[in-house]
Protein chains: 2
Amino acid sequence: MSEDRHELALGMILQLVVVLNEDMTKSLERDGLTNSRAPVVWFLGQNGPMTQKELATAVGVSARNITGLVDALEATGFVARGPHPTDRRATLVSLTALGDKTARAMDRDKAELAELLFTGIPERKLDAFVDVLGEVLGRINRELERLKEAG
Amino acid sequence: MSEDRHELALGMILQLVVVLNEDMTKSLERDGLTNSRAPVVWFLGQNGPMTQKELATAVGVSARNITGLVDALEATGFVARGPHPTDRRATLVSLTALGDKTARAMDRDKAELAELLFTGIPERKLDAFVDVLGEVLGRINRELERLKEAG
DNA sequence: TATTGTTATACTCTATAACTATA
DNA sequence: TATAGTTATAGAGTATAACAATA
């Protein structure tokens, strides 16, 4: 039955989600970060200094929550708050030297993980893999859209 | 460069993790469950009544935490605590009618998700997909083992 | 002595709502 | 009026440590 093959494939994806999450959490812990704080450092590393409002939108959390995350990252030395050049209501959050070093380490870790996972996989198979992954991503995104509209 | 292809593939996997998590969280919310409580219901559905100790091990949380999760599931009507037949220290946790119904709905939802994701994908591609996924899972599991030994 | 589960305590992440300072 | 960020408050999930009841 093809249903069994489909459930097998989904089961493997779910397993991958679990172990990948475990692996990345361990890696972040070594850097002194948590799953919630890491994206803040990462976005700042990609886009440079941002207001808390922009960070909240990028990371997808509430204003209250970004205050807490930036508090924690400031207390542990990853980011610094500074004045916004034109808007005196806003705070500009930027990476410290430690934060910048950590952001670059995250980039490096991601590249290393990609190598660990895929080095030596035949190109033909990798093509099919990426192809199926793209299709699956599209389907689940459409499903999420549908759910959002339905409420 | 093959490095770019590898990073592309990893990026897609990470995206999949995000949207899959979003989709499943929404589905659990509809059932009145959370990401942390759902595995408790699921394990009870798969294995029948268990002690809290067994549940804690299965789910991978502390004794303190399983007390809290079972408290919450009991308060919301998914599980019931009962005496252990032979060990008077232990509590036997079992699904209520609602819990059982929900566990079976979770099974059904998983099967439906598998169909949504994979129906119509050519068998040849699905083979390659599962093949690569298996290899990737093996690699990351070995990496986790290595990290565990290293401490 | 060892184990099962609870209480005590504390930290992280999350949200909504009220408020202050600015635009 | 509207927006950026903080304080107030609350709830979920997580952990370690001390403790009671039982093995």
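Keep in mind that this is a model prediction, so the values were computed, not measured.
In this structure, B:R88 atom CZ and D:dA20 atom C1' are separated by 14 Å, rounded to whole Å. Atom pair B:I66:CD1 and C:dT7:P shows a separation of 15 Å (rounding to whole Å applied). Here the P atom of nucleotide C:dT14 and the CG atom of A:L69 are 6 Å apart, to the nearest Å. In this structure, A:H84 atom NE2 and C:dT22 atom P are separated by 15 Å, rounded to whole Å. In this structure, A:R64 places its CZ atom 10 Å from P of D:dA8, rounding to the nearest Å. The CG atom of A:L92 sits 20 Å away from the P atom of D:dT3 (whole-angstrom rounding). The distance between atom CZ of A:R89 and atom P of D:dA4, rounded to the nearest whole Å, is 6 Å. For A:N35 and D:dA12, the CG to P distance is 21 Å, given to the nearest whole Å.
Counting all heavy atoms, side chain and backbone alike, B:V130 lies closest to A:A9 at CG2-CB, 4.0 Å. In plain terms, the two heavy atoms of B:F43 and B:M50 that are nearest each other are O-SD, 4.3 Å.
Nearest-nucleotide mapping onto DNA chain C: of A:N65 and B:R81, the residue sitting toward the 5' end is B:R81. Comparing A:T51 and B:G60 along DNA chain D, the residue whose closest nucleotide (by nearest heavy atom) sits nearer the 5' end is A:T51.
A 4.5 Å side-chain heavy-atom check between A:E143 and B:L113 finds every atom pair outside the cut-off.
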Exercise for the section: Starting from the C-alpha separation in whole Å, work towards a yes-or-no answer on salt bridge (charged side-chain N to carboxylate O under 4.0 Å, His left out) for A:R81 and A:D71. Expected result: CA-CA 9 Å; A:R81 282 182 167 105; A:D71 281 352; 2.9 Å; yes
Practice task
Determine, step by step, whether A:T25 and A:N35 satisfy the side chain to side chain donor-acceptor pair (under 3.5 Å) criterion, reporting the C-alpha distance in whole Å, the side-chain angles of both residues, the deciding distance to 0.1 Å, and the verdict.
Solution key: CA-CA 6 Å; A:T25 301; A:N35 283 319; 3.2 Å; yes
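For B:T67 and C:dG5, the shortest distance from a side-chain N or O to OP1 or OP2 is not below 4.0 Å. Within the 4.0 Å cut-off from OP1 or OP2 of D:dT14, at least one side-chain nitrogen or oxygen of B:S36 is found. For the OP1/OP2 pair of D:dG13 and a distance below 4.0 Å, the side-chain nitrogens and oxygens of B:T34 include at least one atom meeting the criterion.
Nucleic acid contact for A:T91: sugar-phosphate only, since backbone atoms but no base atoms lie under 4.0 Å from a heavy atom of the residue.
The nucleotide whose nearest atom lies closest to any side-chain atom of B:R37 is, among D:dG13, C:dA15, D:dG5, D:dG13. In this structure, of C:dT7, D:dA15, D:dA12, it is D:dA15 that holds the atom nearest to the side chain of B:V61. Across D:dA12, C:dA23, C:dA15, the shortest atom-to-atom separation from the side chain of A:S62 is found for C:dA15.
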